[in-house]
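Quick notes on the structure that follows.
When a ligand or atom number is given, it counts from 1 through the structure's own listing order.
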Amino acid sequence: MSRSIAEIAARLQGYDPQALSAESVGAFLAQLVQPVTETESVGIFDALGRVLARDLVSPISVPAHDNSAMDGFALDGAQLGAAPLQLRVVGTALAGKAWQGTVAAGECVKIMTGAIMPAGLDTVVPQEFVRVEDSLVTVPPGILQPGDNRRHKGEDLMEGRPALGAGERLGPAACGLIASLGIAQVQVLRKVRVAYFSTGDEILSLGETPREGAVYDSNRYTVHGLLARLGCEVIDFGVIRDEPAQLEQAFRDAAAHADAIITSGGVSVGEADFTKAMMRKLGDVAFWKIAMRPGRPMAVGSIPGPRGDAVLFGLPGNPVAVMVTFLSFVRPALLRMMGARATDPVLLKARSAEAMRKKPGRTEYQRGIVTRLADGGLQVRTTGNQGSGVLSSMVQANGLVVLHHAQGNVAVGDEVDVMMFEGAI
Ligand code: AMP
Ligand code: MG
């Protein structure tokens, strides 16, 4: 059961819907949305991008035995000293074929990478470090410490311990790790279902004949892509006219089928008020003015449906504002709904290649192009026209420069925070 807007607002200090800081929006949304609870079992190939429902406890140790990290000769490290060590090779240990004998003082075993360490031996000297004559190996002094080049049983994953925690969003490495445990199926949280539509009488669907003053709908396509990257199930409701009956039908259908609803357009001041009026009529919705640029207006709340409340994100209409508000607010909120542990974007530091004018008292997002300098540091420049309708700037950019609420002007060479797009866009 989700909390009401008023309840959440009462818990937040300094909540003012007319002047919200970007930080307080995040805090608000974290309280508005709840993780899904239903789970399903999927095979590893289908687990990519899904969120683990429970801790995954290792049924085995990986590696299962102490084994060699190198091709070389296994020996007893206690014999290493200041003088060259001469050892007689008494056998061979292969990966998948252990050597079963016992080794006496002055003896060693030829060993391959991944082979189980023979009993009593704890050190491997790589083959390129030794001289081999017939079956005699000479290890020079000073190149090896006892225990070198031995992988320990369970050093990757220990039997009985959690290998992955609940809330882990499974990436390629995690999928491989699950397989390394011999596990073929995992329990994941169900996908979050998100319905979206664009609003506005001036918005053309693809295939419609252009008319004066109308623009093609781009928001549905950026929103679709952003949701697909998150691994959400999507339901596309198309373009909805500024017309009460159509809007009501769209909101009701969306709330009946989805966990979250994303709209774009119709929430700014001076709009023909149908979208806002319908949100108000059907749900518990707050209309915010956020101290940020781009993306000032936003509607947030919940709309009841037969399956429970659907969370509403009413994004502004401008194409860049849609993407910026999605990345800053909607994405972390959806990750939380998905049950993911890590929801905040990682920010990098880069040196600004240019001066930027910035007023303290609002968060500004500039589209940036981050490159690596010869000294290895990161540099960022902006993509020119920062208009909130200039979608080409989002295509050129590889990240967003985040100029924080209290921050002022930026001088050339100053370090700024950058939210990189990789993985999200
Ligand atoms: P609004 O927030 O409805 O006032 O829209 C702000 C600006 O974004 C206007 O110039 C709209 O034409 C434009 N816009 C709104 N929705 C879309 C959309 N789906 N695709 C492209 N542009 C849009
Ligand atoms: Mg509009």
With a cut-off of 4.0 Å, which atoms of ligand 1 are near a heavy atom of [X]?
{"X": "Tyr216", "result": "20 (N), 21 (C)"}
{"X": "Asp217", "result": "18 (C), 19 (N), 20 (N)"}
{"X": "Gly265", "result": "2 (O), 3 (O)"}
{"X": "Ser198", "result": "19 (N)"}
{"X": "Ser218", "result": "20 (N), 21 (C)"}

Below a 4.0 angstrom heavy-atom separation, can you tell me which part of [X], side chain or backbone, both or neither, approaches ligand 1?
{"X": "Arg220", "value": "neither"}
{"X": "Pro319", "value": "side chain"}
{"X": "Asn219", "value": "both"}

Below 4.0 angstrom, N of the basic side chain to O of the carboxylate: do [X] and [Y] qualify?
{"X": "Asp66", "Y": "Lys153", "answer": "no"}
{"X": "Lys191", "Y": "Asp259", "answer": "no"}
{"X": "Arg190", "Y": "Glu233", "answer": "no"}
{"X": "Glu7", "Y": "Arg11", "answer": "no"}

| said: Please tell me whether Asp417 and His404 have a donor and an acceptor in their side chains that are separated by less than 3.5 angstrom. | reply: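 There is such a pair (donor and acceptor under 3.5 Å, judged by atom type) between the side chains of Asp417 and His404.
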
| Can you check whether Gly266 has an N/O within less than 3.5 Å of an N/O in ligand 1? |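 Looking only at distances, the answer is yes, because the N/O contact criterion of under 3.5 Å is met.
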
| task | Closest by any non-hydrogen atom to atom 16 (N) of ligand 1: pick that one out of Thr275, Asp201, Ile203, Asp242. | result |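 The nearest heavy atom belongs to Ile203.
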
| said: Can you confirm whether more than 12 heavy atoms, excluding those of Arg131, are under 6.0 Å from its CZ atom? | reply: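 For Arg131, atom CZ is not crowded (no more than 12 foreign heavy atoms under 6.0 Å).
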
| said: Can you confirm whether Arg372 is buried at CZ, in the sense that more than 12 heavy atoms of other residues, nucleotides or ligands lie under 6.0 Å from that atom? | reply: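 Counting neighbours around CZ of Arg372, 12 or fewer heavy atoms of other residues, nucleotides or ligands fall under 6.0 Å, so no.
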
| Does Ser268 have a heavy atom less than 4.0 Å from any atom of ligand 1? |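 Checking ligand 1 against Ser268, which is what was asked, there is a heavy-atom contact under 4.0 Å.
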
| Can Gly200 be said to touch ligand 1, with heavy atoms closer than 4.0 Å? |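 Outside the 4.0 Å threshold, so no.
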
| query | What do you reckon, are the aromatic ring centroids of Phe251 and Phe197 less than 6.0 Å apart? | reply |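 Ring centres of Phe197 and Phe251 closer than 6.0 Å.
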
